[in-house]
Amino acid sequence: VAPPGTLVIFGGGGDLTKRLLMPAIYNLDCAGLLNEDFSIIVVDWAEMTSEGLISQFREAIDDFVNKRGTSATLLRHDIWNRLTQNISYLRGSFEEESTYDELNARIEGRNAVFYMAVAARFFGSIVDFLGSSGLAHESEDVYRRVIIEKPFGSDLESAKALNARMLRSLDETQIYRIDHYLGKETVQNIMALRFSNGFFEPLWNRQNIDHVQITAAETVGVEKRGRFYEGTGAIRDMVPNHLMQLLSMTAMEAPTSFEANAVRDEKAKVLSAIQPVKLDDVVRGQYVSGSFGIGDEAEALRGYREEPDIALGSQTETYVAMKLGIDNWRWAGVPFYLRTGKRLRRRKTEIAIHFKQAPYALFRDTPVEQLTPNIMVLHIQPTEGVTMQFSAKVPGPAVRLGGVRMKFDYSEWFSDGPSTGYETLIYDCLIGDQTLFQRADTIEGGWRIVQPALDRLAAEHSPLCFYPAGLDGPREADELLARTKRHWLPLS
Ligand code: BG6
């Protein structure tokens, strides 16, 4: 059970709190992990009462519970009522001292976590005020921690500046930089899979692995986030953070323990071994109009430039593919291909480990294209599990090979409770475990790798490859792999 304390949510009147944070806190309470003496203060600028806010939360939690749809997850009123009795609203500006004076009065002497569910432009000033008001000050019996959402900076320089600014008011041990991918069970499972089993790790190196593909494909478009996305684009939105987490989990050395810094040291090391991306190895794409499906059933999809709040001639990428290399003993010469994009054929996040071919002396008469490559796919979402693809003998008198698959499906083995992905992250912060949070150096490491692509974007309009919505992304991304006779696993 977490120690007593208060969670202060700056910007808690917004969507994130309703959709994800409150359901996560409720789930933690149902699991008996919250202290009886746990309270929440929501700080926001809108005219609102605590009662009004709680009824908004109620609507959202009903929605959340309904979507789970089973009787086992009907709202537990006893828990919900007790939890919401301890929620209060504080109306105030994030940039006025009086807000922080009031907070000081309300949480004096208590443990507190300050959650920044606000637009990134407020991060710096909130932290400054936490420092100058004394709210960030810890004592022997009282902790003060800050959870900060992404985007953490918009390039290497701004991320460094934000880190430096935060570290003026806080110690690194007080800072919890969220990457919500680290809250996903299947992302955490990468480490379990690699380091708790004897048979993967001996093969996990350049002697046996030909290349690795990391995919985060989405079917959604830019939705209502046009204004944010125009200034961000797929590289900033997904690569230095989420994809680098997947990459570092896949490529890191085994940490000596699960202690936060032991794990983060290994991630930092692998990131520092990655050379900044070469411009020839980046493909930027943008979706144009297309459709999901064909024929009468087809759903027409508009192009990115027709979406709300998007400039007519926008040069923002909604897709990016890139090739990276890791200059260390384990991975030298093994390309890591990354791709992510919006409005693609399917929603699918996965890591595909392509193993080298066996020396097929025995099967010298089998045409190469009929040999099934050995691929191990770690499915992150929406399917959760692991598949292995390999060759087997096709039954019959002749010796023929056929491709087969072996599959482990998470949901078949484990009954998963309702989860938003934020439960572990919030709980870990309450108990002071930073393992699943980004450290200053891992954040900067991610930005350093993509910085050449960002510089080029700033200096000139680098080429943008258009792709029809609802399909697989730009042709040029296929060419990136075809140069070395490789190809992406299909999205379908
Ligand atoms: C967010 C990005 O960080 O991650 C979004 O800002 C993206 O643009 C989302 O859609 C993807 O997260 P998930 O959990 O759906 O893979």
Side-chain angles (χ1 to χ4, degrees), residues 11 14-17 19-21 23-24 64 67 115-121 123 147-155 159 176-190 214-247 249 284-287 301 304 307-310 314 316-320 338-351 378-385 410 416 418-426 436-438 442-443 446-447 450 469 473 491:
D15 231 33
L16 178 75
T17 309
R19 278 193 315 110
L20 294 167
L21 303 186
F64 174 77
K67 274 194 201 134
Y115 198 118
M116 292 203 236
V118 294
R121 65 178 184 282
F123 291 165
I147 300 184
I148 179 163
E149 279 285 339
K150 71 177 268 273
F152 197 97
S154 55
D155 56 12
Y176 290 69
R177 300 174 190 82
I178 278 208
D179 182 314
H180 79 275
Y181 265 50
L182 289 176
K184 294 183 194 288
E185 282 290 342
T186 37
V187 173
Q188 293 170 42
N189 186 46
I190 302 171
I214 300 182
T215 299
E218 300 187 86
T219 49
V220 291
V222 67
E223 303 184 293
K224 293 182 194 147
R225 300 162 73 216
R227 213 159 288 156
F228 159 79
Y229 202 82
E230 266 291 85
T232 304
I235 300 180
R236 291 188 165 90
D237 193 35
M238 295 292 289
V239 183
N241 36 64
H242 307 326
L243 295 195
M244 285 305 150
Q245 286 303 330
L246 298 181
L247 190 155
M249 290 275 206
R284 295 169 62 242
Q286 187 187 82
Y287 61 88
L301 301 170
Y304 177 70
E307 302 273 22
D309 300 319
I310 305 300
S314 169
T316 301
E317 79 283 347
T318 59
Y319 176 103
V320 63
L338 276 46
R339 64 176 161 168
T340 180
K342 298 210 178 277
R343 276 290 186 241
L344 295 173
R345 189 188 287 277
R346 266 191 57 194
R347 174 168 188 247
K348 176 150 121 169
T349 303
E350 65 184 27
I351 301 165
L378 315 185
H379 304 275
I380 309 287
Q381 62 188 18
T383 334
E384 303 186 327
Y410 235 77
D416 52 340
S419 150
T420 63
Y422 274 77
E423 287 77 0
T424 317
L425 298 175
I426 295 174
L436 296 178
F437 294 85
Q438 295 253 59
T442 56
I443 288 258
W447 282 116
V450 297
L491 287 182

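Treat the numbers as computed from the prediction; the structure is a model and nothing was measured. Indexing begins at 1, ligand by ligand and atom by atom, following the structure's order. Note: hydrogens, waters and symmetry copies are ignored here, and every other heavy atom, side chains too, is used.
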### Query
At the 4.0 Å heavy-atom cut-off, does T349 count as touching ligand 1?
no
### Message
Applying the ring pair (Phe, Tyr, Trp, His ring centres under 6.0 Å) criterion to Y176, which one of Y422, F437, Y115 satisfies it?
### Response
F437
### Query
Which atoms from ligand 1 have a heavy atom of H180 less than 4.0 Å away?
1 (C), 3 (O), 4 (O), 12 (O), 13 (P), 14 (O)
### Nearest protein heavy atom with distance in Å, relative to atom 10 (O) of ligand 1
E218 OE1, 2.5 Å
### Message
side chain to side chain donor-acceptor pair (under 3.5 Å) for Q381 and T186? Distances and angles first, verdict last.
### Response
CA-CA 8 Å; Q381 62 188 18; T186 37; over 6 Å; no
### Message
Contact between ligand 1 and Y229 is defined here as a heavy atom of the residue under 4.0 Å from a ligand atom; is it met?
### Response
no
## Note on the structure
Per-atom filter on ligand 1: closer than 4.0 angstrom to a heavy atom of K150 are 1 (C), 2 (C), 3 (O), 6 (O)
### Query
Is it true that the side chains of E317 and Y304 contain a donor and an acceptor less than 3.5 Å apart?
no
### Query
For ligand 1, which atoms, with element, lie under 4.0 Å from some heavy atom of D237?
2 (C), 5 (C), 6 (O), 8 (O)
### Query
For atom 14 (O) of ligand 1, what's the nearest protein heavy atom and its distance?
K184 NZ, 2.6 Å
### Query
Heavy atoms only: which of R347, H242, K342 is nearest to atom 1 (C) of ligand 1?
H242
### Query
So, are D155 and R236 salt-bridged, with charged N and O less than 4.0 Å apart?
no
### Message
Among residues at least two apart in sequence or on other chains, which ones pass ring pair (Phe, Tyr, Trp, His ring centres under 6.0 Å) with Y229?
### Response
none
### Message
For I426 versus A24, what's the shortest heavy-atom pair and its separation?
### Response
CD1-CB, 4.0 Å
